[in-house]
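Please read the structure below before turning to the comments.
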Amino acid sequence: MAPPTFMGLSGRPLSLAVSTVATTGFLLFGYDQGVMSGIISAPAFNNVFKATTDNPTLQGTVTAIYEIGCLIGAVFILCLGDLLGRRKAMILGAFIMVVGVVIQVTCQAGASPLAQFIVGRVVTGVGNGINTSTIPTYQAECSKTSNRGLLICIEGSVIAFGTCIAYWIDYGASYGNDDLVWRFPIAFQILFALIISIAMVFLPESPRWLLIHGRVEDADKVIAALRGYEVEGEETVLERSLIVDSLRASGGHGQKSTPFKALFTGGKTQHFRRMLLGSSAQLMQQVGGCNAIIYYFPILFEKSIKQTHQLSLLLGGVNMIVYSISATFSWYAIERVGRRKLFLYGTIGQCLSMVIVFTCLIPGDEMTARGAAVGLFTYIAFFGATWLPLPWLYPAELNPIRTRSKANAVSTCTNWVSNFLIVMITPIMVQNIGWGTYLFFALANACFLPIIWFYYPETARRSLEEIDIVFAMGYVEKISYVKAADQLPQLQPSEIEGYAVKYGLIDGTSRTAAGRNARDEEEKEDRRTFTNSSSEAVGVETVENDRREL
């Protein structure tokens, strides 16, 4: 029997389609992140939004208010993401972004344009917040262990390509008429949003979300389609049973929406610690200074290095090319080097780059200040290769299936709150303390090193279910979770259940006859709870029969 299909695709082609749409979501994120950089200080923009002219506080507000919208979108997913589902959330997020863009580009001088523009920025941000809270989770839950890290890493690093596209469109539009200068770059992002919203109508839902909601038949179909298996094949049943065991271990089986209190539990599952680790990565990404460079690179060149607006735009475009090229390095290194080492290497590189910038700006003369450009270029290269994709990958794979959606939304909320703070204060800092701005970011990066060294376990080349065992092992054996990750051997799918029993994630009696009978009764109760069809009941019995044979 041939595997089921979505959009006429199955196996690798279907997985590629899922990854393409997920990547487009982060391409759109990167584009929207960079598009204001070449617009906010452009005379054509300031002529319509006069209050922004030579006003760093208002420039920061107009740019950063987008992050408030993103925060609202992330909170929406935190509250309703488990009920809405990954697929519907992505469709909704892309549609909201289109609405926000239309609000922005229809602003007219003399008709309260700044208020309308700010509303449009917020609405666009809401859509982006929904997408960035959902897409990494969707990608992680649809990917194989062998390529999950690479796919999410590509997804995160594509932010750099989106930002690069935005910079060069800004630069090209700057030679057009006044409307083209700012309306076209903002409107262009509708193309990406339409690709996401239309494609997701035809792509599958996450199999893990389907199992959370008791939709066993649908989950089997999606697993079989994504992997190229037969629906009733042994591989499909084994993968489904591992996901169900993971749900049982985290206490989430039979719950359609995870309660907020589950985020704050410890014990073998360590939900709270894992949420904090993912959120701290997002916080450190922003406090390290990345968006001070990305959002305001042309302004930094104009104010700190005293270059013209056109040359600053051109150099900003070149810097984004460096950013995009360096981001591809992570595709090679993410599984070979690992998450932990990339975090450490990137932090050291960013810290030293900021040291170069502020030391070159201290003398105050124009020739020495040009040396600061070297630091800005090396910073963006280190950031693109390491810290750009990692905070999007780490929470998506670190958190267990029960809390993954909510914990990932919390980490995304952390990103947008800290993002807003940095984007808001950067132009004010540059105007008031000059080189001290870069000294602050250098010190911030130095503070990250001990946190990563002592608290960030390695997750490379591990299945999502293996990562659960890493934390259970650390808790039971009373060792650091970094050490547990180093000591736990790489597990085959058939070995995972044994280790889950060993560390108390699964009741060991499930392997005895009495335990199997108890599991049968539990499965019957689950079927009554979710009112599954008789065919789903057969699927559940198949799981038990296959386990007995294994």
Are any of the side-chain heavy atoms of [X] and [Y] separated by less than 4.5 Å?
| X | Y | value |
| --- | --- | --- |
| Y167 | V318 | no |
| L390 | I334 | yes |
| I195 | T20 | no |
| F264 | H271 | no |
| C360 | I356 | yes |
| T403 | M275 | no |
| Y499 | E466 | no |
| P457 | L277 | yes |

For E141 and S206, run side-chain hydrogen bond (donor to acceptor under 3.5 Å, both in side chains): C-alpha distance rounded to whole Å, both residues' side-chain angles, the deciding distance at 0.1 Å, then the answer.
CA-CA 6 Å; E141 293 180 346; S206 156; 2.5 Å; yes
For the pair D32 and M97, evaluate side-chain contact (heavy atoms from CB on, under 4.5 Å) and give the outcome as yes or no after the intermediate values.
CA-CA 10 Å; D32 217 0; M97 290 194 78; 3.6 Å; yes
For K268 and Y503, what are the C-alpha separation, side-chain angles and deciding distance, and is it a side-chain contact (heavy atoms from CB on, under 4.5 Å)?
CA-CA 8 Å; K268 299 181 183 70; Y503 291 112; 5.7 Å; no
Identify each donor-acceptor pair in which a side-chain atom of residues 69-81 lies under 3.5 Å from a protein atom, sequence neighbours left out, and give them as a table.
none

Establish, yes or no, whether a centroid distance under 6.0 Å links the rings of [X] and [Y].
| X | Y | answer |
| --- | --- | --- |
| W416 | F29 | yes |
| F161 | Y31 | no |
| F343 | W453 | no |
| Y438 | W435 | no |

Quick one: do the T347 and W387 side chains pair a donor with an acceptor below 3.5 Å?
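Judged by distance alone, the side chains do pair up.
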Under 3.5 Å, is there a donor-acceptor pair between the S280 and Y456 side chains?
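Checked: S280/Y456 side chains pair up, N/O donor to acceptor below 3.5 Å.
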Would you say [X]'s side chain and [Y]'s backbone share a donor-acceptor pair under 3.5 angstrom?
| X | Y | value |
| --- | --- | --- |
| R404 | E397 | no |
| R208 | I243 | no |
| R240 | I223 | no |

Less than 3.5 Å apart, which donor and acceptor atoms pair up between the side chains of residues 127-138 and the rest of the protein, not counting sequence neighbours?
| residue | atom | partner | partner atom | Å |
| --- | --- | --- | --- | --- |
| N128 | ND2 | Y66 | OH | 3.0 |
| T132 | OG1 | N128 | O | 2.9 |
| T132 | OG1 | G129 | O | 3.4 |
| S133 | OG | G129 | O | 2.8 |
| T134 | OG1 | I130 | O | 2.8 |
| T137 | OG1 | N408 | ND2 | 3.0 |
| Y138 | OH | P204 | O | 2.6 |

Apply side-chain contact (heavy atoms from CB on, under 4.5 Å) to residues V337 and Y332 and explain how you reach the verdict.
CA-CA 9 Å; V337 179; Y332 168 84; 5.7 Å; no
Do K406's NZ or CZ and the ring of F260 fall within the cation-pi criteria of under 6.0 Å and 45°?
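Relative to the ring axis of F260, which defines the angle, K406 lies inside both limits.
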Against the six-membered ring of F471, is R274 placed for a cation-pi contact (under 6.0 Å from the centre, within 45° of the normal)?
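Judged by the rule, R274 and F471 form a cation-pi pair.
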Within this structure, what is the CZ-OG1 distance for the pair R121 and T61, rounded to the nearest 0.5 Å?
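Going from CZ on R121 over to OG1 on T61, the span is 11.5 Å.
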Is D486 salt-bridged to R340, cutoff N-O under 4.0 Å?
no
Quick test of your reading of the model: are R86 and E205 salt-bridged, counting only N-O distances below 4.0 Å?
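Judged by the 4.0 Å cut-off on N to carboxylate O distance, R86 and E205 do not form a salt bridge.
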Side chains of residues 372-381: which donor-acceptor partners sit under 3.5 Å, not counting sequence neighbours?
| residue | atom | partner | partner atom | Å |
| --- | --- | --- | --- | --- |
| T378 | OG1 | S353 | OG | 2.8 |
| T378 | OG1 | V374 | O | 3.2 |
| T378 | OG1 | G375 | O | 3.0 |
| Y379 | OH | G288 | O | 2.9 |
| Y379 | OH | C290 | N | 2.9 |

Run the numbers on R87 and L203 for side-chain contact (heavy atoms from CB on, under 4.5 Å), then give the verdict.
CA-CA 8 Å; R87 181 170 156 270; L203 288 173; 5.6 Å; no
